[in-house]
Amino acid sequence: MPTHRLLILILSSLGLSSVALTGCGPIATVEGLVCIDAEEDATSCPAAEDVDLEEAFVYMSCDQEKISSISGEGTVQNISQLGDDMGCCYDAELIETTPGSDCDVGRPFREADAAVLAEVVQRGDWGGCDPGPVIDPARAAAWARSGAAEHASIAAFSKLALELLAHGAPAPLVRAVHAAGLDEIDHAERCFALAGRFGGVAVGPGPLPITQPIFASRPLADIAADAVREGCVGETTGAVLARAAADAAADPQVREALAAIAADEERHAALSWQVVAWAVRASSTREDAAVVREAVRAAFAAPVAAVDVTELAVRAQVEPALLRAAARTSLTDVVRPAARALMAA
Ligand SMILES: [Fe+2]
Ligand SMILES: [Fe+2]
């Protein structure tokens, strides 16, 4: 699904299909975009050679990156999801300092802010295959790790379903969240099947090490803020990345798996936006209306968490730069305009 169609899916699922899809901001270059803060009413930018790189930052970074150089005309643009902050931005050459940095695409299951993942073990009942010869151990390991992440997403949706029930969510939302959890079982099986194929041994998840009680009575503001971070940003970007990787992958089984995952993740992304929209609406008659709305606004305005494209590039055997460009496009062309439409509604 092209990014403009994903945006339309999100907006129409929010009943906002008539919102003008303008003002999405520029699409960053593949190499990267570096910005400095600018005055709210700035109309021009300093020349690239006059910019102090110490004050510059990588805009919508997909990995931990260092600025090598910047070039071209600086342009004035919004640099937050909600367009509150202005900056001057330049095309840039970036150096990856820690490829494979610790960050998430999709919906993680967390305890005390740490992602919880099962260990990968030998077993054949999670998409297991008839193991053939070892083809590519690194690729097998990358698929196994993604299988563990998909497996954890099942728990994330189970938890979300309980939380929504505890706040009186409507049936369609609860049903969609359960359906998304079932999708994640399929994703995990597909990933473990590919791990088995490339690694020559059937693998699957061990026990998910859940150590803390799940509190279904968390404040709605916290649930909404998590849905922004993990869903509206994480799953939307995950959907765009999976689609880009599916389109570029050469291996037919990999293409098929990633295309199926992308189609589901696009729905999950739209679902997250619906959850946030419901939370904002549901709270409007309650005392905590302003708290929920502010939590959502703050979550959208927060810096976007880094997205690690390294493993997906290994899994699909595609260029990381292609995926980094897709992640940036997701943020500029889908997340930001959808966030503005949601908050303006
Ligand atoms: Fe998934
Ligand atoms: Fe998902």
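Everything quoted here is computed from the prediction, not taken from an experiment. In listed order, ligands and their atoms are each counted from 1.
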Which is the closest N/O/S atom of His187 when seen from the Fe ion (ligand 1)?
ND1
Those residues that, when tested against Trp278, pass ring pair (Phe, Tyr, Trp, His ring centres under 6.0 Å) (two or more places apart)
none
Roughly, to 10 degrees, what angle do Glu265 atom OE2 and Glu150 atom OE1 form around the Fe ion (ligand 1)?
150°
Any idea which N/O/S atom from Glu184 gets closest to the Fe ion (ligand 1)?
OE1
Opening angle between ND1 in His268 and OE2 in Glu235, taken at the Fe ion (ligand 2), to 10 degrees
100°
Do Leu312 and Leu258 have side chains that approach each other closer than 4.5 Å (heavy atoms only, starting at C-beta)?
yes
Ring centres of Phe157 and His268 under 6.0 Å apart?
yes
Between Lys159 and Arg218, is any pair of side-chain heavy atoms under 4.5 Å apart?
yes
